Amino acid sequence: MKTRILFVCLGNICRSPAAEEIFRTQVARQALSDSIEADSAGTYSGHAGNLPDPRMRRAAARRGYELTHRARPLHEADFERFDRIVVMDDNNYETAHRLAPSREKAGKNFSLEFCRHSPQWDHVPDPYYEGHEGFELVLDLLEDACEGLLNDLKNPTRS
């Protein structure tokens, strides 16, 4: 049975599709694609069907990631389908929590608690209104957090 991870940000055009592809790449490098899968969604549906922001696609491509995900909104059914829902910041955490069909399902929400090399960051900032450096910071944080998440899945220490 596959472990399913859903990454969530606001519009599903910057942070969460980048997290999805970074995580998917890390999973593939460790030959775990048969047991772990990833997807992404947004708490805002205004970008549904769009490719990720061109600035994020360019920044990710410089690191070898191809972002082809089409934006989609977070749905109540996602709480049934996914084992973990990893949100990028507190606002999206609260929105996802409210969308959950039950308290038990809301317990699948996780914030960015997997950063190991950048512990001062407890969220992934939205780079949408930032310059090039904002997108690079997001990718740095996501590479760190996705590595930490993958290690957590391989070696669970949660109670």
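Remember, predicted model here, so these are calculated numbers, not experimental data.
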Verify, without hydrogens or angle tests, whether Arg4 (side chain) and Phe82 (backbone) share a donor-acceptor contact under 3.5 angstrom. no
How far apart are the closest heavy atoms of Pro52 and His69, and which atoms are they? CD-O, 3.1 Å
Minimum-distance pair of heavy atoms, taken over all atoms of Leu67 and Ala18: CD2-CA, 3.9 Å
So Leu51 and Arg57, do their side chains get closer than 4.5 Å, heavy atoms only? yes
Exam field: side chain Asp39 to backbone Leu6, donor-acceptor pair closer than 3.5 Å: no
Distance alone, cut at 3.5 Å: any donor-acceptor contact between the side chains of Tyr65 and Glu20? no
Salt-bridge present (Glu37, Arg81; N to O < 4.0 Å): yes
Measure the shortest side-chain to side-chain distance between Val86 and Phe23 over non-hydrogen atoms and say whether it is less than 4.5 angstrom. no
Check whether any side-chain heavy atom of Gln26 sits under 4.5 Å from a side-chain heavy atom of Glu147, and report yes or no. yes
Distance-minimising heavy-atom pair for Cys9 and Ser16: SG-OG, 3.1 Å
Looking at CG of Asp144 and CG of Leu139, how far apart are the two atoms once the value is rounded to the nearest 0.5 Å? 12.5 Å
Once you round to the nearest 0.5 Å, how far does OG of Ser40 lie from CD1 of Ile13? 11.5 Å
Tyr128 vs Arg55 side-chain heavy atoms within contact, under 4.5 Å: yes
Any donor-acceptor N/O pair, Arg15 side chain to Val124 backbone, under 3.5 Å: yes
Would you check if there is a donor-acceptor pair between the side chains of His47 and Asp53 at a distance under 3.5 Å? no
To the nearest 0.5 Å, tell me how far Met88 CE sits from Thr43 OG1. 11.0 Å
What is the distance from atom CZ of Arg72 to atom CG of Asn50, rounded to the nearest 0.5 Å? 14.5 Å
Quick one: do the Thr3 and Asp83 side chains pair a donor with an acceptor below 3.5 Å? no
Can you see which heavy atom on Leu141 is nearest to which on Pro125, and at what distance? CD1-CD, 3.6 Å
Same apolar cluster (I L V M F W Y, side chains within < 4.5 Å links), Leu10/Val87: no
At what distance, to the nearest 0.5 angstrom, does CD of Gln30 lie from CG of Leu150? 4.5 Å
Student check: side-chain heavy atoms of Leu32 and Lys154 closer than 4.5 Å: yes
Looking at side-chain heavy atoms only, is the closest gap between Phe7 and Leu149 below 4.5 Å? yes
Looking at every non-hydrogen atom in both residues, tell me the closest pair between Asn12 and Gly42 and how far apart they are. CB-N, 3.4 Å
Side-chain touch Ile5/Leu153, heavy atoms, less than 4.5 angstrom: yes
Side chain Ser102, main chain Lys105, donor-acceptor under 3.5 Å: yes
Provide the closest heavy-atom pair for Met56 versus Phe135 in the form atom of the first, atom of the second, distance. CE-CD2, 3.6 Å
Test item: Arg63 and Asp140 side chains (from C-beta on) under 4.5 Å apart, heavy atoms: yes
Donor-acceptor contact present, side-chain Asp78 to main-chain His75, <3.5 Å: yes
